[in-house]
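The next block holds one structure in the form of structure tokens; read it before the comments.
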Amino acid sequence: MLAEVPREQLIAVVSLRGSVNQPHAAIMARALGIPAVMGVSELPLLHWHEQRVIVDGYQGQYLIVSV
């Protein structure tokens, strides 16, 4: 699915669950220079509406920033 998203529309990847394809998605995101966090235990999507999110692919963390 990651390959189907146009690069100019992709800023970061945050995945709720891991899967057998998770390593491939992480490798692809890294090759594209896109921060990625996989296997997030809780993903509060309703809180993300019109919020800025910082995605740290090195630490495997994300931070919702109030605007």
Can you name the closest pair of heavy atoms from Val37 and Gly60 and give their distance?
->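 For Val37 versus Gly60, the nearest heavy atoms are CG1-O, 3.5 Å.
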Within 6.0 angstrom of Glu8 CD, more than 12 heavy atoms from elsewhere |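 Correct, the count exceeds 12.
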Tell me, yes or no, whether the heavy-atom count around Leu63 atom CG, taken from other residues, nucleotides or ligands under 6.0 Å, exceeds 12.
-> yes
Using side chain to side chain contact (heavy atoms under 4.5 Å, CB included) as the criterion, list what pairs up with Gln59, not counting sequence neighbours.
->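 Residues passing side chain to side chain contact (heavy atoms under 4.5 Å, CB included) with Gln59: Asp56, Gln61.
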Please list, chain by chain and in numerical order, all residues satisfying side chain to side chain contact (heavy atoms under 4.5 Å, CB included) with Val13, sequence neighbours excluded.
-> Leu2, Leu10, Ile34, Ala36, Met38
